[in-house]
Amino acid sequence: MNMLFERKLAIPMEVKEMYPLTGEMSNTVEAGRLAINKVFTGESDKLIMVIGPCSADKEDSVLDYISRLRTLQEKVADKIIIVPRIYTNKPRTKGAGYKGLLHQPNPNEKPDMFKGIIATRGIHMRAVKELGFVCADEMLYPENYKYLDDLLGYVAVGARSVEDQQHRLTASGIEVPVGMKNPTSGDYSVMMNAIYTAQHSHTFIYRGWEARSMGNPLTHAILRGYTNKHGQSIPNYHYEELLRLHDMYAESHLQNPGVIIDTNHANSDKKPLEQPRIIKDVLQSCKWNPDVKKLVKGFMVESYIEDGAQSVDGGIYGKSITDPCLGWEKSERLVLEVADML
């Protein structure tokens, strides 16, 4: 095999023993999860806002950003549940480039997976302990979910992973909402099949065990736009697309129909300043049709302290080193405006 095995990494149980949750932290996670879950079961009519940096590149600036969300959450708590994005591993279309905190705790240094595992658990723990937030992360590697399964409040499966069997089966054993993105081709049937799979019980191999999942009734859709055969970005957040998804849900008999609208990626053609416009467009669709309103559970927004993006060695504090983001002032104004519209 043309591969070098450098060292054996600590298993999730060992890492949790090294970095355990306190009773107070566990209570924070439980309460946060309950509030989020109730939105997807329809028991709460609050709006979910999964918001934060494209990638959690630096612990200090990410936690600084989330501390600002804490103050904002108090202002909109009666209408919006903020779920900070702490995305610690990033898919790369061509495999090259910064792959996230899990790979490189310091973006300017070489990969160190053990330090990365500790760093990802550490940043999520600090968000819970210091800021009272349960956060969202992308499940890029299904076998790594156990390192964070006692911390996360929301999990996303990306457009390139949604058709993968191991992602679907692992999602079926997760106890928090899992969003399945439409694939980059835009084929809704792939996304709906993933939701169906994850909502049912399965027996499969997971981390060397024969595992049996119970099914996750909180698995749902994420619309993020798609790319056509010419490489052009095509949005799928418009009214007609939401009606189409509603009808597909009605035919599928899936539990807890719901959708999160990803306002960046192909929906905005990676133009982050378009995100507020997209959200307001969807909210108008919700006002027009009660079926659409019931279906739309919230939004994903890529947001950081500074507008835009920079190179890995750019050096600007709080500016994304992956996809461009909406800056803090615009993000704060957006959340307050959304609350006023609800």
Side-chain angles (χ1 to χ4, degrees), residues 1 3-16 18-19 50 52-57 59 62 85-107 110-125 127 135-181 183-184 190-191 194 197-198 202 204-211 213 216 219 222 224 262 265 300 321-323:
M1 180 178 286
M3 187 183 304
L4 176 64
F5 292 88
E6 295 190 345
R7 58 178 166 172
K8 188 171 179 60
L9 296 170
I11 64 174
M13 180 178 67
E14 294 169 336
V15 174
K16 290 173 183 176
M18 288 187 282
Y19 300 93
V50 182
C54 174
S55 59
D57 49 7
E59 184 172 305
V62 170
R85 282 174 57 110
I86 302 184
Y87 277 30
T88 56
N89 38 162
K90 294 298 297 178
R92 311 305 302 185
T93 303
K94 295 182 178 179
Y98 176 65
K99 295 183 177 68
L101 193 70
L102 177 67
H103 286 258
Q104 292 170 270
N106 185 327
K110 68 177 185 178
D112 188 319
M113 300 303 292
F114 179 68
K115 285 184 180 179
I117 289 169
I118 301 305
T120 58
R121 184 163 176 84
I123 193 170
H124 277 285
M125 287 180 70
C135 301
D137 205 339
E138 180 174 353
M139 188 172 67
L140 184 58
Y141 309 109
E143 64 272 21
N144 291 346
Y145 176 70
K146 290 293 290 182
Y147 289 110
L148 298 175
D149 67 345
D150 56 343
L151 283 161
L152 297 180
Y154 185 90
V155 174
V157 173
R160 296 164 187 81
S161 303
V162 71
E163 201 164 6
D164 177 68
Q165 183 78 336
Q166 193 71 3
H167 283 82
R168 295 176 172 197
L169 299 183
T170 302
S172 73
I174 292 176
E175 296 181 336
V176 301
V178 176
M180 297 288 189
K181 290 195 175 185
T184 54
V190 170
M191 175 180 67
T197 302
H202 302 277
F204 59 105
I205 297 173
Y206 186 74
R207 299 190 61 89
W209 289 80
E210 179 180 322
S213 63
N216 182 353
T219 313
I222 300 176
R224 48 86 73 196
D262 180 345
H265 297 101
M300 280 188 170
I321 60 173
T322 46
D323 288 350

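Owing to the predicted nature of the structure, the values given are computational and were not obtained by experimental measurement.
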Please report the shortest heavy-atom distance between [X] and [Y], naming the atom on each side.
| X | Y | value |
| --- | --- | --- |
| Tyr145 | Val155 | CE1-CG2, 3.7 Å |
| Arg85 | Cys54 | NH2-O, 3.2 Å |
| Glu59 | Ala119 | OE1-O, 4.5 Å |
| Ile86 | Ala56 | CG2-CB, 3.8 Å |
| Met191 | Pro183 | N-CD, 4.3 Å |

Does [X] [atom1] have over 12 foreign heavy atoms under 6.0 Å away?
| X | atom1 | answer |
| --- | --- | --- |
| Lys146 | NZ | no |
| Glu143 | CD | yes |
| Glu6 | CD | no |

Criterion salt bridge (charged side-chain N to carboxylate O under 4.0 Å, His left out) against Arg121, the qualifying member of Asp137, Asp150, Asp149: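 Checked Asp137, Asp150, Asp149 against Arg121; only one passes salt bridge (charged side-chain N to carboxylate O under 4.0 Å, His left out): Asp150.
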Can you confirm whether [X] sits close enough to [Y] that some side-chain heavy atom of one is under 4.5 Å from a side-chain heavy atom of the other?
| X | Y | result |
| --- | --- | --- |
| Glu210 | Ile205 | no |
| Pro12 | Arg207 | yes |
| Val162 | Lys181 | no |
| Tyr87 | Leu140 | no |
| Lys110 | Gln104 | no |

Should Ser213 and Ser172 be marked as a side chain to side chain donor-acceptor pair (under 3.5 Å) after you check the CA-CA gap, both sets of side-chain angles, and the distance that decides it? CA-CA 6 Å; Ser213 63; Ser172 73; 2.6 Å; yes
May I ask you to check whether Thr88 and Thr120 show a side-chain donor-acceptor distance below 3.5 Å?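 No.
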By side chain to side chain contact (heavy atoms under 4.5 Å, CB included) - contacts of Met18 (at least two apart):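 Counting only residues at least two positions away or on another chain, Met18 forms a side chain to side chain contact (heavy atoms under 4.5 Å, CB included) with Ala10, Val15, Phe114, Ile118.
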Checking side chain to side chain contact (heavy atoms under 4.5 Å, CB included) between Ser161 and each of Arg168, His167, Met139, Gln166, which is the one that passes?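 Among Arg168, His167, Met139, Gln166, the one meeting side chain to side chain contact (heavy atoms under 4.5 Å, CB included) with Ser161 is His167.
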